[in-house]
Amino acid sequence: MIESTLMNNTIAEYYDSMPYESHPFADTSPANLASVARLFGLETVDTSKAKVLELGCASGGNLIPHAYRNPKSEYVGIDLSNVQIKLGQEKIASLGLKNIKLEQLSITDITEEFGKFDYIIVHGVYSWVPENVQQDILRICSQNLSAKGLAFISYNTYPGWKVKEIIRDAMMLRGAQHTDPHKKLSHARGMVNFIHEMAAPKSIMRTLVDSEIDLIRNSAPHYLAHEFLEEYNSPCYFKDFIAKAEQNKLTYVGEAEPHTMFVSNLGQQVAAPLLNECGNSQVMLEQYMDFLKNRPFRQTILTHGKRAAKIKYRITSEDIKEFEFCGRFTSIEKVELDYIPTHFTNAKGIRLSVSQPIEKAAILTLSENAPASLNFRQILEGAQKRLGSKLPIHADTLASLLEQLVVQGLIKITIRGTHPHTQISKKPIVDPLIRYDAVNQPQIGTANLWHESVRLELIQQHILPKMDGEHTIEQLAAHLIDLASSNVINFSRHGAVLTSPEDIKTSAKEHLTNALEVCRQQGLLIG
């Protein structure tokens, strides 16, 4: 008991002295977890009326946006860091939320009496706590999970973390002489630079360091401190993690990014022998793929073991018709609705080639409506309208296309529609949560309607607080002009700060137009 208390105090003090920047993580959202589970055949709890628990919630950056946008759901977050919990509680009070509470509490203190939850989120915790706490995490994900519940756990994995582990050891060696997290990190980074400069150019150590040097140099201090310099960091092989989960009567559902699970994405030459080797074991298939991809991190979804028989990993075109989809694609070619192949690129820069007119029309329909999601019927009707044709075969071709896009991870898929405004209105509106974040945490950013973390540009930070439906675009422009006239912000051209009223007025309107379009593309607008 004394040892456990000391361990908790050590972890709490570390996070109190260097709080982890608390963001939304789209992959952890109940809507995403439910969508993945439904894709593989499981019934799920309505995410708008669910009970959600997050272990290691920091200051609630991942939980508060859910609570704000789902007033009929209940949310509980726990964390050891009193500093972070108080920050979250202040934000909850400011927003007037009644359906969420954050508590300073140890994972080890949660018992069955704590209640049942439909979704349990454990992001960035499992690998960074001792083994007994890892066991408690799995225990909670079993005993406190509702009958149709889903648990999300992220963790570092081998073999990908083998290299990072060596880098961590080197950083810990030099950083160990300091207790202050900031000094520890500064000296630890210096160790990586030293090896980079002094190790023989073609040596194994130089190669290992070079593979991580950009990450070490460019990542945020709070991330590096907790990722590489925590007292506890225990990566594991996927199969071993699943074995521990099964000991706690849990079973594997899938990954929060389901496209990583499809061996077909590795090519037929790889897929065929792997499927032959692994048979019907998805767990073994995943472990083999981890070796092929040198995977360092997983975001795994679990459920009760008794539901294992209902899970199926072979999806069909028909399976995905109940979902909604979102994707934005561009093409450098003029898109003709003919049978000549056209190349599109999605938001992540991944290329796709299609040749069927209905496929091209569907991609244009999706892109035109992004960042809002569309259901199967809406995409089909939109595409057929472009073609001026309603052939029965269109539905089958579209279903096959959407299946391909889902398997390859080229579009978002959701069981619950997500519908940000896709047009810029005369009086643009974002919800009060976004307006609050723009004022109170402009450097951290906010959560869009897809629960994605969104960084805010300078102009956005100034206009979002006034995007309440009461201010016209002209008034927003006037606000920017006032700010520039009083030197709160500056507009420049060719490196020179603009000073004439006419130049400031013109530049303000240009910046506003660009900022509003960014807001639209980011999925921030609700009107």
Side-chain angles (χ1 to χ4, degrees), residues 14-26 28 56-69 77 79 81-95 97 102 123-124 180-183 185-186 189 214-229 428 430-468 476 479-480 482-484 486-492 508 511-512 514-525:
Y14 195 73
Y15 278 89
D16 283 346
S17 59
M18 183 177 274
Y20 199 92
E21 201 168 274
S22 192
H23 290 286
F25 295 95
T28 74
C57 66
S59 58
N62 190 40
L63 211 55
I64 293 173
H66 285 306
Y68 178 83
R69 290 172 177 147
D79 200 281
S81 171
N82 187 48
V83 169
Q84 294 187 106
I85 288 295
K86 284 186 176 180
L87 285 172
Q89 290 173 337
E90 290 171 4
K91 183 172 182 178
I92 290 169
S94 296
L95 290 169
L97 300 180
L102 305 184
H123 184 53
D180 177 80
H182 300 277
K183 290 183 179 179
L185 177 59
S186 177
R189 273 176 158 165
D214 288 341
L215 176 72
I216 302 300
R217 287 176 173 172
N218 301 323
S219 294
H222 70 90
Y223 166 78
L224 290 175
H226 296 298
E227 180 73 355
F228 286 90
L229 298 178
V430 297
D431 64 34
L433 172 71
I434 293 173
R435 300 203 296 271
Y436 175 94
D437 288 343
V439 172
N440 295 281
Q441 53 178 59
Q443 302 307 315
I444 294 177
T446 191
N448 69 5
L449 298 190
W450 284 93
H451 198 64
E452 296 165 329
S453 180
V454 173
R455 291 286 183 178
L456 302 178
E457 299 174 356
L458 179 62
I459 299 301
Q460 287 179 290
Q461 294 173 19
H462 287 291
I463 65 171
L464 284 170
K466 292 185 173 295
M467 290 171 59
D468 53 6
L476 294 176
H479 177 58
L480 292 179
D482 289 343
L483 292 174
S486 57
N487 290 318
V488 174
I489 60 174
N490 290 307
F491 299 125
S492 61
H511 279 82
L512 176 61
N514 293 335
L516 289 174
E517 175 58 21
V518 169
C519 290
R520 187 192 72 80
Q521 292 187 14
Q522 289 174 332
L524 300 181
L525 301 178

- prompt: How long is the span from the OG atom in Ser59 to the CD atom in Gln89, to the nearest 0.5 Å?
  reply: 11.0 Å
query: Any side-chain heavy atom of Leu63 within less than 4.5 Å of one from Leu102?
result: yes
- request: Locate the shortest heavy-atom distance separating Cys57 from Ile85; write the atom from each residue and the value.
  value: SG-CD1, 3.9 Å
task: Please identify each residue that fulfils ring-ring contact (aromatic ring centres under 6.0 Å, His included) with Phe491, with sequence neighbours left out.
output: His511
query: OG/Ser22 to CD1/Ile64 distance, rounded to the nearest 0.5 angstrom?
result: 7.5 Å
field: pair Arg69-Asp431: side-chain heavy atoms closer than 4.5 Å
entry: yes
- line: Taken to the nearest 0.5 Å, the spacing of Leu95 CG from Tyr68 OH works out to 7.5 Å
field: For Val439, side-chain contact (heavy atoms from CB on, under 4.5 Å) partners two or more places apart
entry: Pro465
- prompt: Under 4.5 Å between any side-chain heavy atoms of Leu476 and Leu480, yes or no?
  reply: no
message: When you measure from the side chain of Ser186 to the backbone of His182, do you find a donor-acceptor pair of N or O atoms at a distance under 3.5 Å?
response: no
- line: In short, Ala515 meets Ile459 closest at the heavy-atom pair CB-CG2, 3.7 Å
message: What verdict does the side chain to side chain contact (heavy atoms under 4.5 Å, CB included) test give for Ser453 and Ile444, after you've listed the backbone C-alpha separation in whole Å, the side-chain angles of each residue and the deciding distance to 0.1 Å?
response: CA-CA 9 Å; Ser453 180; Ile444 294 177; over 6 Å; no
- request: Using side-chain hydrogen bond (donor to acceptor under 3.5 Å, both in side chains) as the criterion, list what pairs up with Glu517, not counting sequence neighbours.
  value: Arg520, Gln521
task: Determine, stepwise, if the pair Ile434 / Met467 fulfils side chain to side chain contact (heavy atoms under 4.5 Å, CB included).
output: CA-CA 10 Å; Ile434 293 173; Met467 290 171 59; over 6 Å; no
- request: Kindly give the heavy-atom pair with the smallest separation between Ala225 and Leu185, and that separation in Å.
  value: N-CD1, 4.3 Å
- line: Residues pairing under salt bridge (charged side-chain N to carboxylate O under 4.0 Å, His left out) where one sits in residues 433-442, two or more places apart or in two chains, turn out to be Lys91-Asp437
message: Could you measure the distance from the SG atom of Cys519 to the CD1 atom of Ile463? Nearest 0.5 Å is fine.
response: 5.0 Å
message: According to side-chain contact (heavy atoms from CB on, under 4.5 Å), who are the partners of Gln461, at least two apart in sequence or on a separate chain?
response: Pro442, Gln443, Leu456, Leu458
query: What distance separates Leu525 CG from Leu449 CG, expressed to the nearest 0.5 Å?
result: 8.5 Å
statement: The side-chain hydrogen bond (donor to acceptor under 3.5 Å, both in side chains) partners of His479 (sequence neighbours excluded) come to none
task: Determine yes or no for a side-chain-to-main-chain donor-acceptor pair under 3.5 angstrom, with Ser219 supplying the side chain and Ile216 the backbone.
output: no
field: Qualifying residues under side-chain hydrogen bond (donor to acceptor under 3.5 Å, both in side chains), relative to Asn62, sequence neighbours excluded
entry: Thr28, Glu54, His451
field: For Glu457, all residues meeting side-chain contact (heavy atoms from CB on, under 4.5 Å), sequence neighbours excluded
entry: Gln460, Val518
- prompt: Measuring from Leu433:CG to Ser94:OG, what's the distance to the nearest 0.5 Å?
  reply: 11.5 Å
- line: Sorted by chain and residue number, the side-chain hydrogen bond (donor to acceptor under 3.5 Å, both in side chains) partners of Asp468 (sequence neighbours excluded) come out as His471
query: Would a 4.5 Å heavy-atom cut-off, applied to side chains only, mark Pro181 and Leu229 as touching?
result: no
statement: His123 meets the ring-ring contact (aromatic ring centres under 6.0 Å, His included) criterion, sequence neighbours left out, with Phe25, Phe152
field: Contacts of Asn490 that satisfy side-chain contact (heavy atoms from CB on, under 4.5 Å) - sequence neighbours left out
entry: Asn487, Val497
message: Once salt bridge (Lys or Arg N to Asp or Glu O under 4.0 Å) is applied, do any residues pair with Arg455, and if so which ones, sequence neighbours excluded?
response: Glu21
